[in-house]
S.K.: 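Before we start, here is the structure in question, set down as structure tokens.
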Amino acid sequence: MYNPFILTDKTLLITGASSGIGRATAMEASRLGAHVIACGRDHERLSQTLHLLEGAGHIPFEGDLLEPTTIDRLVSEVPALDGIVLSAGKGLTLPFQFCGREQFDEVFNINFFAPLELLRQLFKKKKLRPGASVVMIASIAGTGRRSVGNSVYGSAKAALQSMVRYTALELAPKKIRVNAVCPGMVNTPFIHSGALTEEQLEQDRASYPLKRYGEPEDIAHGVAYLLSDASSWVTGTSLVIDGGITAK
Ligand SMILES: NC(=O)c1ccc[n+]([C@@H]2O[C@H](COP(=O)([O-])OP(=O)(O)OC[C@H]3O[C@@H](n4cnc5c(N)ncnc54)[C@H](OP(=O)(O)O)[C@@H]3O)[C@@H](O)[C@H]2O)c1
């Protein structure tokens, strides 16, 4: 059956695959026919992801992306790739006055430097095939939706989106595409870090035009489009998936 969105036999590397959006993306990609290299830190959660994948040829990769040797190890071990999804990340909700260098490092290291260093090394070592698609998971916190306490996280995601455009330009001659996906609030462990109470989450949820937060699959479907050949003329852009909240 004709389907321009299939990922048959594409080899994809997905960070943050042990939870939330990364896991849902790994599952969706496997259903669409891809072979997934699923990366995460937590052995148990990563094993659960592997069990949820359809088809064969999936590989787990365990490691903390903030450890200097992890990226080297990952880059040397992976085969040639048709796509990467950089979903590993963490949030921080803290008033600006308490955000010193330590907080900036903590947030920028995993949300900004780690994905870009991984992309840089994969490109340099020629691990990205011509036609490969790179998808960075950014956030509406970096674009249209600013909220108190999110300055450092939002700035890291804004910087990431800026790099998406620069890298898209520089990698285009090799036919490698780079795009961002910017989710609104999505039901994953990420939003239950304790920054907002359940009551505050409920109020915020009600403010969304579509009257719900996203599910990880809502984001995975957008990522799958950007990984597929259906988006082969799309690069340097950001796909907002947010239940309409930034339209307000
Ligand atoms: N959920 C939302 O509302 C939302 C909204 C906008 C943007 N985002 C972005 O979406 C991405 C995924 O978030 P999520 O909601 O799926 O969060 P999540 O469920 O908390 O998952 C975070 C993932 O990142 C991995 N990770 C964190 N630090 C890592 C490190 N140092 N090294 C390797 N892996 C690391 C975790 O690995 P382990 O589980 O193995 O520790 C986990 O797989 C993040 O970049 C986040 O900023 C989320």
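For ligands, and for the atoms within them, numbers begin at 1 and follow the listed sequence.
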S.K.: Quick one: nearest non-hydrogen protein atom to atom 31 (N) of ligand 1, plus distance?
M.R.: Asp64 OD1, 2.8 Å
S.K.: Using heavy atoms and a threshold below 4.0 Å, how should the contact between Ala138 and ligand 1 be classified: side chain, backbone, both, or neither?
M.R.: backbone
S.K.: Test of understanding: given a 4.0 Å heavy-atom threshold, classify the contact between Lys90 and ligand 1 as side chain, backbone, both, or neither.
M.R.: neither
S.K.: Is there a heavy atom of Ala141 sitting under 4.0 angstrom from any atom of ligand 1?
M.R.: no
S.K.: Quick one: do the Glu199 and Gln203 side chains pair a donor with an acceptor below 3.5 Å?
M.R.: no
S.K.: Report yes or no: does Tyr208 contribute a side-chain atom to a donor-acceptor pair with the main-chain N or O of Met185 at less than 3.5 Å?
M.R.: yes
S.K.: Looking at Arg212 and Asp218, what are the two nearest heavy atoms and their distance?
M.R.: NH1-OD2, 2.8 Å
S.K.: For ligand 1, which atoms, with element, lie under 4.0 Å from some heavy atom of Ser19?
M.R.: 16 (O), 18 (P), 19 (O), 21 (O), 42 (C), 43 (O)
S.K.: Is there a heavy atom in Pro189 that sits closer than 4.0 Å to ligand 1?
M.R.: yes
S.K.: Would you check if the side chain of Arg23 reaches a backbone N or O of Pro216 as a donor-acceptor pair within less than 3.5 Å?
M.R.: no
S.K.: What do you reckon, does Met185 have a nitrogen or oxygen under 3.5 Å from a nitrogen or oxygen of ligand 1?
M.R.: no
S.K.: Are there over 12 heavy-atom neighbours, none belonging to Lys211, within less than 6.0 Å of that residue's NZ?
M.R.: yes
S.K.: Look only at interatomic distance and state if Ser87 has a nitrogen or oxygen under 3.5 Å from any nitrogen or oxygen of ligand 1.
M.R.: yes
S.K.: Would the number of heavy atoms belonging to other residues, nucleotides or ligands and lying under 6.0 Å from CD of Glu170 be above 12?
M.R.: no
S.K.: Please confirm whether Gly63 comes under 4.0 Å of ligand 1, counting heavy atoms of the residue only.
M.R.: yes
S.K.: If you draw a 6.0 Å radius around NE2 in His192, do more than 12 non-hydrogen atoms from other residues or ligands fall strictly inside?
M.R.: yes
S.K.: Considering only the protein, which heavy-atom contact is closest to atom 3 (O) of ligand 1, and what is its distance?
M.R.: Val186 N, 2.8 Å
S.K.: Backbone N or O of Lys126 within a donor-acceptor pair of the Arg129 side chain at under 3.5 Å?
M.R.: no
S.K.: Could you tell me whether Asp42 and ligand 1 have an N or O pair separated by under 3.5 Å?
M.R.: yes
S.K.: Return yes when Lys157 approaches ligand 1 closer than 4.0 angstrom through a heavy atom, no otherwise.
M.R.: yes
S.K.: Can you pull out the closest protein heavy atom to atom 17 (O) of ligand 1? Residue, atom name and distance to 0.1 Å, please.
M.R.: Phe190 CB, 3.3 Å
S.K.: I'd like to know whether ligand 1 has Tyr213 as a neighbour, heavy-atom separation below 4.0 Å.
M.R.: no
S.K.: Could you identify the single nearest non-hydrogen protein atom to atom 34 (N) of ligand 1 and state the distance to 0.1 Å?
M.R.: Ala88 CB, 3.7 Å
S.K.: Of the protein's non-hydrogen atoms, which lies at the shortest distance from atom 10 (O) of ligand 1, and what is that distance?
M.R.: Ile137 CG2, 3.2 Å
S.K.: Say whether Arg45 and ligand 1 are in contact under the criterion: heavy-atom distance to a ligand atom below 4.0 Å.
M.R.: yes
S.K.: At what distance is the nearest protein heavy atom to atom 1 (N) of ligand 1, and which residue and atom is it?
M.R.: Thr188 OG1, 3.2 Å
S.K.: State whether Lys248 and Asp242 are salt-bridged, where the test is any N-O pair (Lys NZ or Arg NE/NH1/NH2 against Asp/Glu carboxylate O) under 4.0 Å.
M.R.: no
S.K.: What is the closest protein heavy atom to atom 16 (O) of ligand 1, and at what distance does it sit?
M.R.: Ile21 N, 2.8 Å
S.K.: For Leu66, counting its heavy atoms only, list the atoms of ligand 1 lying under 4.0 Å from any of them.
M.R.: 31 (N)
S.K.: Does only the side chain of Arg41 get under 4.0 Å from ligand 1, or the backbone, or both, or neither? Count heavy atoms.
M.R.: both
S.K.: Hey, does Leu13 have a side-chain heavy atom less than 4.5 Å from the side chain of Leu74?
M.R.: yes
S.K.: Do Asn179 side-chain atoms and Thr237 backbone N/O form a donor-acceptor pair below 3.5 Å?
M.R.: yes
S.K.: Do Val135 and Phe190 sit in the same hydrophobic cluster, where Ile, Leu, Val, Met, Phe, Trp and Tyr count as joined when their side-chain heavy atoms come under 4.5 Å apart?
M.R.: no
S.K.: What protein heavy atom sits nearest atom 6 (C) of ligand 1, and how far off is it?
M.R.: Pro183 O, 3.4 Å
S.K.: I would like to know whether Leu116 and Met136 meet side chain to side chain contact (heavy atoms under 4.5 Å, CB included); could you show each step before the answer?
M.R.: CA-CA 9 Å; Leu116 286 162; Met136 309 256 190; 3.8 Å; yes
S.K.: Do the rings of Phe5 and Tyr225 sit parallel, tilted or perpendicular, given the 30° and 60° boundaries?
M.R.: tilted
S.K.: Under 4.0 Å from ligand 1, counting heavy atoms only, is it the side chain of Ile110, its backbone, both or neither?
M.R.: side chain
S.K.: Considering only heavy atoms, which of Gly20, Gly40, Ser18, Gly16 lies nearest to atom 37 (O) of ligand 1?
M.R.: Ser18
S.K.: Look at atom 5 (C) of ligand 1 and find which of Gly142, Cys39, Gly184 reaches it with the closest heavy atom.
M.R.: Gly184
S.K.: Between Ser18 and Arg41, which heavy-atom pair has the shortest distance, and what is it?
M.R.: OG-N, 4.2 Å
